[in-house]
Number of protein chains: 2
Amino acid sequence: MASARKFHNISGRFKMRNGSLRDPVIAYETWGQLNYQKDNAILLFTGLSPSAHAASSEVDHSSGWWEQMIGEGKPIDTDVYFVICINSLGSCFGSTGPASINPQTGEPYRLDFPVLTIEDIANAGQVVVESLGIRRLHSVVGASMGGMTSLAHCILYPDVAESLVTISSAARAQPFSIAIRSLQRELIRSDPVWDNGNYLASPNTGLRLARKLGMLSYRSAEEFQKRFGRELVPEERQTDDPFDIDFEVESYIEAHANKFIGTFDANCYLYLSRAMDLFDAADHGGSVEHALARVGATRVLIIGVETDLLFPLWQQRQIADGLDNGKREVQFHSLASLQGHDAFLADMDRFRPLICDFFNCTMNQPSRLRSIHSPK
Amino acid sequence: MASARKFHNISGRFKMRNGSLRDPVIAYETWGQLNYQKDNAILLFTGLSPSAHAASSEVDHSSGWWEQMIGEGKPIDTDVYFVICINSLGSCFGSTGPASINPQTGEPYRLDFPVLTIEDIANAGQVVVESLGIRRLHSVVGASMGGMTSLAHCILYPDVAESLVTISSAARAQPFSIAIRSLQRELIRSDPVWDNGNYLASPNTGLRLARKLGMLSYRSAEEFQKRFGRELVPEERQTDDPFDIDFEVESYIEAHANKFIGTFDANCYLYLSRAMDLFDAADHGGSVEHALARVGATRVLIIGVETDLLFPLWQQRQIADGLDNGKREVQFHSLASLQGHDAFLADMDRFRPLICDFFNCTMNQPSRLRSIHSPK
């Protein structure tokens, strides 16, 4: 399958909060057309693990991670908007990260990569925006870590985005989530194959265990109860090993973890994970309130999910309350999804209408352009 | 320090649900005096990790795991009651478990130990009760896994206990908790030192990681937020390693995990952990409702905690509703403790009055016997 990935090469030194990189590259994908006024762009930041491939396109037909949300006639309608999705700095899907070659040594950065911050990811995204000749964004959008990055972008560049959407995100990491991520990193670092970051083959045991813990923090007990109850795997898959997989819920998590390994670089995972812990909007202005007061967007949509353990509802309210200065249009939605932190990927029926409404889409109407482009 | 531990040797074959043991031993501790009528005994089952040392005594002055609850003048008043705490079959504090020597081979059982169930632990406890000449118990009490065991005891021996107390427990394991425990076991089993159960030294990396995950499931995000916020460890303890401990919450969990290793046998942990997954009261009568209908206790106290992730409130309600047949006195309490599943150990101010009230204690009154025994 052809890739729709584009690259922006940053020439020279790219300053980060804790160091700098020489000549880094930022991978991104775009959908739709930038209009003549260059005022219809939506910048999308991702969570920890996705690439910039948020949706399929003419070039790359494979489904993206937000396939149901982005496209012609979809809630973020690419007949109307020019959508840019950024592969985070520090990731491993085309953007420079710990797995990339350090041009100064000819070796991968590994643990010599500077300590990454959410602000660095936001800055790298803004460089791409500027490279496309865009001065004003219609919106910045992100969920999870992407929501943190979107918030950071709006704090660092208050004059760029007219509106902001954050989903299941936070103005600063809460200690429970720091503790979960800290343990995930320790699972990777405890894998002997990790070899203090100098692995030749991927430390898949550590990555699998970290992903399993991730799955537990991304979903909810309520969902597992409804989906799996105490169902056992079929008898032919049961073994004599008393600690082997017996319950369907164990099998489900095993399958998800096995899908993850091989796709993600371990050191990149460590850096991105730590970046979330370190994010604290209060670093910009002395308090979360002061930081949020800097945001220039005049319309904001904040969505949270009742069952989210990792970015709980009170953190969404904190963002919404902090942004509600009486001068902005602030929409806050608390969703009763069972899918926890992953609801923005799994419970599309609840999310689509809210995103559609915010972006003034005409969902469920066959789009004019789509009907023209459609093969039949 | 002298140990107050007693042992009951079971002669011959002890039948389990999945096999049998020859000549197993059950360790237990007692407090108070069995009265002439032998009707003042309270049987206490423990959670996964504690020993039978629930409280200090004249013989063993060291604090027990429920020190504030059991003793002269305390909510479970040993001036009035004869309290028996059982070290679970399968554990490693005196009772026969996977780390014990199999008399038939002269080697530790290790993974040859039969698959353990909660019912086996209840049966072993009942053997101790009978060995003491006790036909009727005033009460059976347990929290967490101990609550499951108490429930199993009352289902298997409906004529023995007059009353029942379960705290933060369940009539059957929920899939979210199965998934957490499954991952904990995998963390131990992934430690190369575990060596398929045949370790010579303790697989401490695996145990430490499993305990860390345990800590995350035993407490609550709300508590961590209040206690730690985003506090960093003192600067002199920070290192250059970007993945070392920076936040106080990481340091807290590290300290707890380090305290755990060296005290608990890895194979015992695996067996006890799996026993919780396997417990389903519905195995006795076809449904949870039918199983609970078997319980003979005429007074029951069911306590749950709003922030408990592992044994959530709905599971406490399920027990209380199932026991409420109109003929029994059923007390159900939902506590607003922030300490999650660990609240019965950490939030004593909320738990003491309920336990005291149920056992008709005269808390805060200097006890007659204590004032006699007191050194000054």
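In the text below, chain A, chain B and the rest are named by the order of the sequence lines, each starting its count at 1. All values reported here derive from a predicted model rather than from experimental measurement.
How far CG of A/L213 is from CD1 of B/I180: 9.0 Å, rounded to the nearest 0.5 Å. A distance of 6.0 Å separates OG in A/S182 from NZ in B/K212, rounded to the nearest 0.5 Å. Atoms CZ and CG, on B/F243 and A/N267 in that order, are 7.0 Å from each other to the nearest 0.5 Å. Taking OG from B/S190 and CG from A/L187, the interatomic distance works out to 9.0 Å, rounded to the nearest 0.5 Å. Separating the CD atom in A/E222 from the CD atom in B/Q174 is a distance of 8.5 Å, to the nearest 0.5 Å. In this structure, the separation between CZ on B/F176 and CD1 on A/I253 is 8.5 Å, given to the nearest 0.5 Å.
With a 4.5 Å cut-off on non-hydrogen atoms, A/T205 touches chain B through its side chain but not through its backbone. Neither the backbone nor the side chain of A/N18 comes within less than 4.5 Å of any heavy atom in chain B. The parts of A/L270 that come within reach of chain B are both its backbone and its side chain, each placing non-hydrogen atoms under 4.5 angstrom from that chain. Residue contact with chain B, scored on non-hydrogen atoms closer than 4.5 Å, involves the backbone of A/D244 exclusively. Only the side chain of A/L111 comes within less than 4.5 Å of a heavy atom in chain B; its backbone stays farther off. Of the two parts of A/D277, the backbone and the side chain both hold a non-hydrogen atom closer than 4.5 Å to a non-hydrogen atom of chain B. In this structure, the portions of A/Y271 lying under 4.5 Å from any heavy atom of chain B include both its backbone and its side chain. Contacts between B/R189 and chain A at a heavy-atom distance below 4.5 Å involve the side chain alone, from C-beta outward. Neither the backbone nor the side chain of B/A282 comes within contact range of chain A, judged by heavy atoms closer than 4.5 Å. Both the backbone and the side chain of B/D246 come within contact range of chain A, each with at least one heavy atom under 4.5 Å from a heavy atom of that chain. Contact annotation for A/P192: only side-chain heavy atoms (C-beta onward) come within less than 4.5 Å of a heavy atom of chain B.
B/R208 has its side chain within reach of A/E186: a pair of non-hydrogen atoms, C-beta onward, lies under 4.5 Å apart. No side-chain heavy atom of B/L183 sits under 4.5 Å from any side-chain heavy atom of A/E250.
Taking all atoms of both residues into account, the shortest heavy-atom contact from A/I178 to B/R230 is CD1-NH1, 3.8 Å. Contact record, A/P175 with B/F224: CG-O, 3.4 Å, taken as the closest heavy-atom pair.
Counting heavy-atom pairs closer than 4.5 Å to chain B, the top-ranked of the candidates A/F228, A/Y252, A/W314 is A/W314.
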